[in-house]
Structure formats: structure tokens, C-alpha cells
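Reminder, nothing fancy here: chain letters follow the sequence lines and each chain counts from 1. Keep in mind that what you see is a predicted model, and the values were worked out from it rather than measured.
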Number of protein chains: 2
Amino acid sequence: MKIQHQRLYEQVISYIQENIDKNIFKIGEKLPTERSLAEQLNVSRGTLRDAFRVLESKKIIETRPGGGRILLKAIDSIISVEDDILVELKNSKMLDLIEARELLEVGMCALVCTRITDEEIQEIEDLLQRQKEENDFSSSSYFHLALAAACDNHVLENFIKLNMQLIKEVRDQNFINKNHQSQAFEEHLELLNAIKERDILKSEQAVRRHFINMRERLQF
Amino acid sequence: MKIQHQRLYEQVISYIQENIDKNIFKIGEKLPTERSLAEQLNVSRGTLRDAFRVLESKKIIETRPGGGRILLKAIDSIISVEDDILVELKNSKMLDLIEARELLEVGMCALVCTRITDEEIQEIEDLLQRQKEENDFSSSSYFHLALAAACDNHVLENFIKLNMQLIKEVRDQNFINKNHQSQAFEEHLELLNAIKERDILKSEQAVRRHFINMRERLQF
DNA sequence: AATACATAATTGGTCTATCCAATTATCCAA
DNA sequence: TTGGATAATTGGATAGACCAATTATGTATT
């Protein structure tokens, strides 16, 4: 028998949830201050802050040091219909995943070429340099993630992250894992050079070549 | 200008993440105790607990009162858990969503053109015909969904579905978000002030800013 | 009366110290 | 060797204090 004693801070989260439901705490407005809420609920500031930290990490509240906390949205909107789509996606075929990924990254190229900063290019170059020096090509993901970040579109970036994760899951399921990581590294270099020239066409072609090879390696 | 000072507990999370990456903290094993880690990092127990609470809410660690904390899985420095990606996506800007959507659909075109069947073309034609007859153009989604289905790639199809849903949610969210309403009010004030100063340039800039924000809010 | 600026109060961030309860380790006796 | 009482450890929670950023207040200047 395992009785799960609910910690105080979890009860506090429930309390806040109720108050949102009852429209006592209104979206867009300030929540009561730490001190007043703590007194009202008869808990310590620390416990209350435990609850706030969790809500903060879920982007439900925003904390402004010195300026109170703001309720951004209701808690229950976290979970919803999207779960179905996720289930569908988790049952995807590897080929579809790769095809989608290629489409995303090819399309992303134009955005990256126009928006990437010199600093970001430098960072990516450093990243590749480190991989070369340490002879560690195990994490080609970092390169793709860096590019995704440089396109300055959080939706695209997260779509690519999602795709990455799905590929990983599907691959793990199928026990496919090969080590052709250094080849990917060469291809990364080639792509970065094209981007440095701000050459959309060349960079897109580099991506296409990269994906042809990655497809064979099943290594993204 | 918005410089986001990173709170201590966020740095602690990064530290823990690094130690997981370096395999110093191993999955399935206990983490250092609160007191020892706090001393090691030179932070208070409370700050450390802030970090642990967040990791706990993400199911990365399990806390056993009196029995230490266990590392359940890696934070996955590369890709966060799908839930986190969803949370991120739900906080997307409308412009990013639309840009990503355009990218998806543009890229999808080639696939559709090569894979769509005559029957599918006929169905979509019928769909448009019905909309025309019934003079109901409220559901343009069906057209896009039909195309997505015709590309014969379930990943792409579900990405587009996800994008659609996100657009809907973000729109709804912003509509009821008084925070943004008050933000619009602030922008009105700013514009009026510029006009009061008879400052043409400043007022024009205020208008531009206002419209950029309104586009993101989809509130006109 | 309106504005600007210095000042005070508020609020979250963080630390220290303390006590409690559950768990875990220890040790002695049967 | 085994059981169980005891001690030590560990997380849960609180109280009080101080700092820095923000916000509110009030006063002086124009």
C-alpha cells in the first residue's frame, strides 16, 4: 500500500487552480503577493514559492521581481486535444519523419540565410571546431538545433525539435543505430560555408545532399 | 529593452543538466542530498529546492521525503520532453505560426503534385463547389486538410494539423487576454502622447509598432 | 496646477537557522 | 544470524532577516 501524501505546495497549486476557475484570479491581472497569499493560506513563503516556481516553468504565471506576479493563462489549457496528434505522430513511419524533416530544414534555409547573425555563425563554427578537436561527432543534433534557433522562428524551431525527438523514439524502437557520424560532420561544414556566403541555392542543395546521406544512415 | 536576469534556481537547473550530460549524475541513481549540493554550489537549500521542484514537476526526478531524490531520466539537453515542446508551441507568436505554416504548405506542394490521385482531386473540387453553392467560406481549413492528406505523409499532415490547432488556440488566448488589451491601451496612450508633441516621426513609429503588435494579437 | 525628482514602501530573490517527519543506517541483544 | 530499538540522515516546512528592483508617495520647482 502506497499512500501518496500530497505535499503542501501541491495543495497550493490546486488552490490557485480553483481560484482561476472561479475567476477570482483573473487572467492578465496580478496575483496576490507572496506575503499576503502565504498569510491567507497559512503557509510559509517558501512553500508558496515552490508552487509558483512550478507554475512559472509551465508559463502559467510570469514573475516580475519587485513587481508581483501575473496570471498568463488558465492551468487546464495545458492539456488538450493535441495529445491525439502526438499519439499519431509517435506512430509515424521513419521515412515520413525524415521527409518532413527535410522539408522543414530546406524551407528553413532561406530564413536562416537572411536572419542569422555573425555571432551565431561564429558560435556554430566554434561548435563544429570543438567537435573536430574532440573527435566527437556523436551529437550532430546540436548543429541542426543551432540552425533552427538561428532561423528566429520558435514554431519552426520546436517543430524540428519535435521531429528530432520522434525520430529518436522511432529509431530506438527499431534498434537502428549506426555510426557514420564523422561523415555528417563534413556535411555540416559544407552547409555552414554555404550559409556564410548567404547563398540560398547552394545551402539548400547542401541540405538536400545531407539528407540523402542521413537517410541512409538513419542518423539525425 | 528587456534584459532577462537569470534567477539563481535556473542556473542550478543548468548545473544539474550539465552533470547529467557528463554522466556524473546517473539515471536511476540518487542525486546528492539537498544540503551537500547546496553547500557545493554555494546556494541556499531553498534556492536548490526551487530547482528541484521544477525538475520534479517535469518528472525528471522523483523526491522521496527522507530518502533522497532519484534521477528518473535525462533532461535531454538537446531536446526537451514533448510536453515542454508543446508548452513552448502554445506560447508561440502568431507570426511565427503563420510563417511556419506557409513553409510547410509550400514544401508540401511538390509532394502533393506527385502523389495526389485523380479521386482526391475530384473530392477537393467537390468540396470547393459545395462551399461556393452554400456560400460558406468559413471553413477553409477543410481545403488545407485535404491537401495535407493528399501529400501522403502522416508526419506532415499532423504537423499541419498541429499548426492549425495552435493558431486557433493562440487566437483564442489572445482574445481573452486582458493583458494584451491593456497593452493595446498603452500603445494608444503612447501614440496620443506622440501626437500631443506634434512629433510626426515618433507618432508614425508608434503606429507602426501598434500594428505590428496587433498583427501578433490578431486584434484589429 | 503640472511636472520632475528624491524618498519611502512594496515585492520578489535569497540566505540562515530551526524544527519536524519519514527514511535509512547502526548496533546491540536474543 | 536475525529483530528490533536507536541514532543519523534527508526532505518538508517555517520564521526572520537582508537585498535589489519596482512601484507609490510626497515634496519642491516651475
What is the separation between atom [atom1] on [X] and atom [atom2] on [N], rounded to the nearest whole Å?
X	N	atom1	atom2	result
Arg35(A)	dT14(D)	CZ	C1'	15 Å
Arg64(B)	dT9(D)	CZ	C1'	15 Å
Ile61(B)	dG11(D)	CD1	C1'	11 Å

Is the His144(A) ring parallel, tilted or perpendicular to the His188(A) ring (thresholds 30°, 60°)?
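It falls in the perpendicular class, over 60°.
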Check whether any side-chain heavy atom of Ile60(B) sits under 4.5 Å from a side-chain heavy atom of Leu72(B), and report yes or no.
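In short, these two side chains do not touch, never coming nearer than 4.5 Å.
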Given side chains that start at C-beta, do those of Phe52(A) and Leu37(A) come closer than 4.5 Å, heavy atoms only?
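Of all side-chain heavy-atom pairs linking Leu37(A) with Phe52(A), at least one is under 4.5 Å.
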Options dT14(D), dG12(D), dC15(C), nucleotide nearest the side-chain atoms of Leu8(A):
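From the listed options, dT14(D) comes nearest.
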What pairs with Asn23(B) under side chain to side chain contact (heavy atoms under 4.5 Å, CB included), at least two apart in sequence or on another chain?
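For Asn23(B) the side chain to side chain contact (heavy atoms under 4.5 Å, CB included) partners, ignoring immediate neighbours, are Lys26(B).
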Report yes or no: is there a donor-acceptor pair, N or O only, under 3.5 Å between the side chain of Arg69(A) and the base of dG12(C)?
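Looking at the base of dG12(C), it does not pair with any donor or acceptor on the side chain of Arg69(A) (distance under 3.5 Å).
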Over all heavy atoms of both residues, which pair between Arg115(A) and Ala150(A) is shortest? Give the atoms and the distance, please.
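Residues Arg115(A) and Ala150(A), closest heavy atoms: CB-O, 4.0 Å.
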For Ile61(B) and Arg69(B), work out which heavy atoms get closest and say how close.
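Distance-wise, the nearest heavy atoms are CD1-CD, 3.8 Å.
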Per-pair distances, 0.1 Å, donor-acceptor, side chain in residues 155-163 of chain B, under 3.5 Å, sequence neighbours excluded:
| unit_1 | atom_1 | unit_2 | atom_2 | d |
| --- | --- | --- | --- | --- |
| Asn158(B) | ND2 | His154(B) | O | 2.9 |
| Asn163(B) | OD1 | Arg101(B) | NH1 | 3.3 |
| Asn163(B) | ND2 | Leu97(B) | O | 3.1 |

Ion pair Arg7(A)/Glu56(B), N-O distance below 4.0 Å:
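Counted as a salt bridge, because a side-chain N and a carboxylate O are separated by less than 4.0 Å.
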When the axes are fitted on five pairs at both termini, how much does the helix from dA1(C)-dT30(D) to dA30(C)-dT1(D) curve, in 10° steps?
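If I round to tens, the end axes sit 0° apart.
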I need the residues from residues 24-34 of chain B with at least one non-hydrogen atom less than 4.0 Å from DNA chain D; give them sorted by number, or say none.
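Result for residues 24-34 of chain B: Thr33(B), Glu34(B), sorted by number.
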Can you pull out the residues from residues 36-55 of chain B that lie within a 4.0 Å heavy-atom distance of DNA chain D?
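Within residues 36-55 of chain B, the residues near DNA chain D are Arg45(B), Arg49(B), Arg53(B).
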Please evaluate residues Leu31(B) and Ile70(B) with respect to the criterion side chain to side chain contact (heavy atoms under 4.5 Å, CB included), reporting the C-alpha separation (whole Å), side-chain torsions for both, the decisive distance (0.1 Å), and the verdict.
CA-CA 6 Å; Leu31(B) 289 167; Ile70(B) 292 188; over 6 Å; no
If we ignore angles and hydrogens, is there a donor and acceptor under 3.5 Å between the side chains of Gln122(A) and Asp126(A)?
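Result is yes, a qualifying pair exists.
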Can you list the residues that meet the side-chain hydrogen bond (donor to acceptor under 3.5 Å, both in side chains) rule with Ser14(B), with sequence neighbours excluded?
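Testing Ser14(B) for side-chain hydrogen bond (donor to acceptor under 3.5 Å, both in side chains), a comparison that skips the adjacent residues, returns none.
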DNA chain D: 5'-proximal contact among Tyr9(A) and Gly67(A) (nearest heavy atom):
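That would be Tyr9(A).
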